[in-house]
Amino acid sequence: NIIRGIAIGPNDDVYLADAGNRRMQVMNRMGVWQRTFGQGRFGGDMRGLAVDFDNEWIYVSDSANNQVDKFTLSGTYLLSMGSRGTGPAQFVDGGRELTLGLNGNVYAPDMGGYKTNVYSPQGVHLFSFPSPAESPPNGGFNWPFDVEVDTARNAVYVADTFNHRVQRIAEDGEISTLPGSGVDPAEDGLDGPAGVAVGPDGLLYVVDTGNDRVLRFDAEDRPAGLVG
């Protein structure tokens, strides 16, 4: 009932954020139901999922409660990180998609807070960027939907959705934008990009939602064609 998040775990088990029923569901690779967990804990607006394969943990973006919940893959609740508010460790409008970076750190975009929060696996807030958060468009995110950590490029990519751009934050903190960012969609610019991911081929994939397409970018952030 309103599935809003999906992730693949060990043994190709499929983890589903069943937002309408406020629970997590797990299926095997053949679609056979395995188990349910998290009942009574989620606020209902569940979004992104991220799996830590090494430690067998799963993180759930519980947007309605303005926090990220951590469970074992078997469904045991461990801890929560974040709360509602305007502070550096808080969410103004809940997190959305999640991704894991070096040392298993959790990256969670704060859509209404114009920033991305970063937490340790122990739930400690490490930092947020940009810091301080800025209102869009000058440096600030405008309802960022997704974030991806690319360890090969030593960079973080943010789908800065309502600014119609993808921002790249380098290891030294320098911010740049991908080609097509901030350009009129009529002139082949991005239109509400809502997803970013690095594939096994090393390419960066961008879901250009408003243009109904998926773009590819090479290791130098140059356009590398469309998917499909």
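Only this structure's heavy atoms are used, side chains among them; waters, hydrogens and symmetry mates stay out.
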Starting at [atom1] of [X], measure out to [atom2] of [Y] and round the result to the nearest 0.5 Å.
X	Y	atom1	atom2	value
Tyr205	Leu226	OH	CG	11.5 Å
Arg41	Ser80	CZ	OG	5.5 Å
Leu204	Glu220	CG	CD	12.5 Å
Asp18	Met46	CG	CE	7.0 Å
Leu190	Leu215	CG	CG	6.0 Å
Asp45	Arg22	CG	CZ	10.0 Å

If we ignore hydrogens and angles and just use 3.5 Å, is the side chain of [X] paired with the main-chain N or O of [Y] as donor and acceptor?
X	Y	value
Gln90	Arg84	yes
Asp110	Val92	yes
Asn163	Arg165	no
Arg47	Ala17	no
Thr161	Pro144	no
Asn211	Gly189	yes
Gln34	Val32	yes

Minimal non-hydrogen separation, [X] against [Y], with atom names:
X	Y	answer
Asp208	Arg213	OD2-NE, 2.7 Å
Ala159	Gly195	CB-N, 4.1 Å
Ala19	Arg4	CB-CD, 4.2 Å
Asp160	Gln167	OD2-NE2, 3.2 Å
Arg153	Val198	NH1-CG2, 4.1 Å
Asp93	Gly112	CB-N, 3.9 Å

Inset, instruction - Go through the structure and list residues passing ring pair (Phe, Tyr, Trp, His ring centres under 6.0 Å) with Phe145, not counting sequence neighbours. - result: none
Inset, instruction - Output all residues satisfying ring pair (Phe, Tyr, Trp, His ring centres under 6.0 Å) with Phe42, sequence neighbours left out; order by chain, then residue number. - result: Phe71
Counterpart residues, side-chain hydrogen bond (donor to acceptor under 3.5 Å, both in side chains), relative to [X] (two or more places apart):
X	result
Tyr15	Arg35
Tyr119	Asn117
Asn65	Asp62

Linking I/L/V/M/F/W/Y whenever their side-chain heavy atoms sit closer than 4.5 Å, directly or via other members, would [X] and [Y] fall into one cluster?
X	Y	answer
Trp57	Val60	no
Phe91	Val118	no
Leu49	Tyr77	yes
Trp33	Ile8	yes
Phe127	Val156	yes

Legend entry - Contact check, side chains of Tyr59 and Pro121, non-hydrogen atoms, under 4.5 Å: yes
Legend entry - Side-chain heavy-atom pair Asp218, Leu203 within 4.5 angstrom cut-off: yes
Legend entry - Worked check of side chain to side chain contact (heavy atoms under 4.5 Å, CB included) between Phe129 and Val158: CA-CA 11 Å; Phe129 60 88; Val158 178; 3.9 Å; yes
Taking only distance into account, with no hydrogens and no angle test, what donor-acceptor pairs under 3.5 Å do side-chain atoms of residues 98-109 form with protein atoms, sequence neighbours excluded?
from: Thr99; atom 1: OG1; to: Glu148; atom 2: OE1; distance (Å): 3.1
from: Asn105; atom 1: ND2; to: Leu102; atom 2: O; distance (Å): 3.2

Inset, instruction - Just do the side chain to side chain contact (heavy atoms under 4.5 Å, CB included) check on Val147 and Val196 with the steps written out, would you? - result: CA-CA 6 Å; Val147 61; Val196 287; 5.6 Å; no
Legend entry - side chain to side chain contact (heavy atoms under 4.5 Å, CB included) between Arg216 and Val214, intermediate numbers included: CA-CA 7 Å; Arg216 293 183 293 195; Val214 176; 5.6 Å; no
Inset, instruction - Please check if any side-chain donor atom of Tyr157 sits under 3.5 Å from a side-chain acceptor atom of Asp221, or the reverse. - result: yes
